[in-house]
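These notes concern the structure reproduced below.
We use all heavy atoms of the structure for the numbers below, so side chains are in, but hydrogens, waters and symmetry mates are not. Within every chain, numbering begins at 1; the chains are lettered A, B, ... in the order of the sequence lines, protein sequences first and strands thereafter.
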Number of protein chains: 2
Amino acid sequence: MSSTTIVGMPDTAHPIAPEGLRASALSDDVSFLLARANAIALAAGNAALAEHGLKARSYSVLVLTSGEARPSQRELAEFLRLDPSQVVSLVDELQSRGLVERKPDPADRRANVVVATDAGRALVGQARESARAAEERVHADLSESDRATLATLLRTVAFPSD
Amino acid sequence: MSSTTIVGMPDTAHPIAPEGLRASALSDDVSFLLARANAIALAAGNAALAEHGLKARSYSVLVLTSGEARPSQRELAEFLRLDPSQVVSLVDELQSRGLVERKPDPADRRANVVVATDAGRALVGQARESARAAEERVHADLSESDRATLATLLRTVAFPSD
DNA sequence: TATTGTTATACTCTATAACTATA
DNA sequence: TATAGTTATAGAGTATAACAATA
């Protein structure tokens with residue numbers, strides 16, 4: 001097993017996996033399974049968020065800026081593993097739609113703190129329902145306790161410093 | 001919880017996750033954790049495979065065509081969740097390097113069966129060692145039994161028909 | 001009529017480097 | 001001297017549609 005195989009994430013459906021390949025070495029490769037599971041979850045999530053004019057990324061920024069954390073753009077970039085320049089584009093777009101605001105950080109005048117507006121918080125509330133429903137379909141074959149276990153194990157990989 | 005948040009996968013390092021955001025709603029979102037874990041595993045895997053002139057995708061094709069399955073391009077596309085036209089490019093490149101061959105499928109003359117050459121099998125053998133080492137580092141915080149559990153849970157999401 | 005592989009193209013995402021203003 | 005945000009651009013990846021050969 002092992003590797004780090006990846007896989008694309010077309011929005012179009014490639015529903016089934018060919019029989020013969022299921023027995024291949026890749027099917028025991030955690031990185032491959034991670035990639036394929038992610039591609040499926042991402043496609044489902046993007047489809048569900050589209051009705052709110054969001055994608056997984058813009059939804060993520062909206063969630064993160066709707067809480068108490070008041071992240072800077074650099075913090076958003078690190079947490080989402082995006083390049084800072086990509087965060088500029090994301091925040092530009094959300095700001096132009098009136099969903100987030102850039103506020104100067106009083107402690108560091110180089111930094112922008114990004115906060116969701118009331119409209120942004122309202123939208124993310126609706127989007128969250130769609131996202132939840134999509135995730136429910138993706139994880140339909142897992143019990144509630146399986147999902148909790150999966151989350152715990154993934155957290156260990158996703159945040160290695162712990 | 002829930003959603004379908006995604007995350008990029010830059011090859012450059014964004015090592016740490018900002019403290020404040022760890023407490024946010026996204027950290028309990030399985031789709032977000034899936035995306036972030038995948039981004040980390042993919043970056044590590046691509047870095048490890050680079051010394052063999054491979055990426056996760058071309059490595060995957062090489063693994064799948066090195067076994068007994070003798071997949072067609074369409075089967076590769078479905079299994080890897082790629083568009084058929086992307087498989088054309090991947091196979092073109094591997095074929096030009098003498099690592100795989102297209103063979104006519106005797107049962108269906110429209111289809112190409114893709115098989116690794118001896119050189120391809122030799123390379124994938126070496127690459128597998130690098131990939132394994134990279135995956136070991138990514139999953140260093142998980143026990144052997146945790147990794148098996150993770151693989152089982154991911155397989156359920158990655159191959160929903162089961 | 002439908003499917004496999006292919007080509008072409010437009011679009012999005014990713015990687016890099018430079019620049020500014022602050023620290 | 002280093003960091004946050006920004007801009008620009010080149011490259012990689014993705015989505016779509018069309019076509020020839022075959023089923």
With sequence neighbours left out, what residues match D108(A) under salt bridge (Lys or Arg N to Asp or Glu O under 4.0 Å)? R110(A)
Holding to salt bridge (Lys or Arg N to Asp or Glu O under 4.0 Å), I want the full list of residues that pass it with R102(A), two or more places apart in sequence or in another chain.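 Salt bridge (Lys or Arg N to Asp or Glu O under 4.0 Å) check on R102(A) returns D92(A).
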Scan nucleotides 2-9 of chain C nucleotide by nucleotide, 5' to 3', and note B when protein non-hydrogen atoms come under 4.0 Å of the base, S if they reach only the sugar-phosphate, - if neither. -BSSBBB-
If the condition is side-chain contact (heavy atoms from CB on, under 4.5 Å), which residues does [X] pass it with, not counting sequence neighbours?
X: E93(A); value: R97(A)
X: Q126(A); value: H52(A), L123(A)
X: D146(A); value: L142(A), S143(A), L153(B)

[X] has an atom [atom1]; how far is it from atom [atom2] of [N], in whole Å?
X: N46(A); N: dC13(C); atom1: CG; atom2: C1'; answer: 13 Å
X: D105(A); N: dT22(C); atom1: CG; atom2: C1'; answer: 12 Å
X: L82(B); N: dA15(D); atom1: CG; atom2: C1'; answer: 13 Å
X: L42(B); N: dA15(C); atom1: CG; atom2: C1'; answer: 14 Å
X: L80(B); N: dG13(D); atom1: CG; atom2: P; answer: 14 Å

Taking OP1 and OP2 of dT12(C), is either one under 4.0 Å from a side-chain nitrogen or oxygen of K55(A)? no
Look at the side chain of R155(A) and the backbone N and O of S27(B), then say whether any donor-acceptor pair between them is shorter than 3.5 Å.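 Yes: the side chain of R155(A) pairs with the backbone of S27(B).
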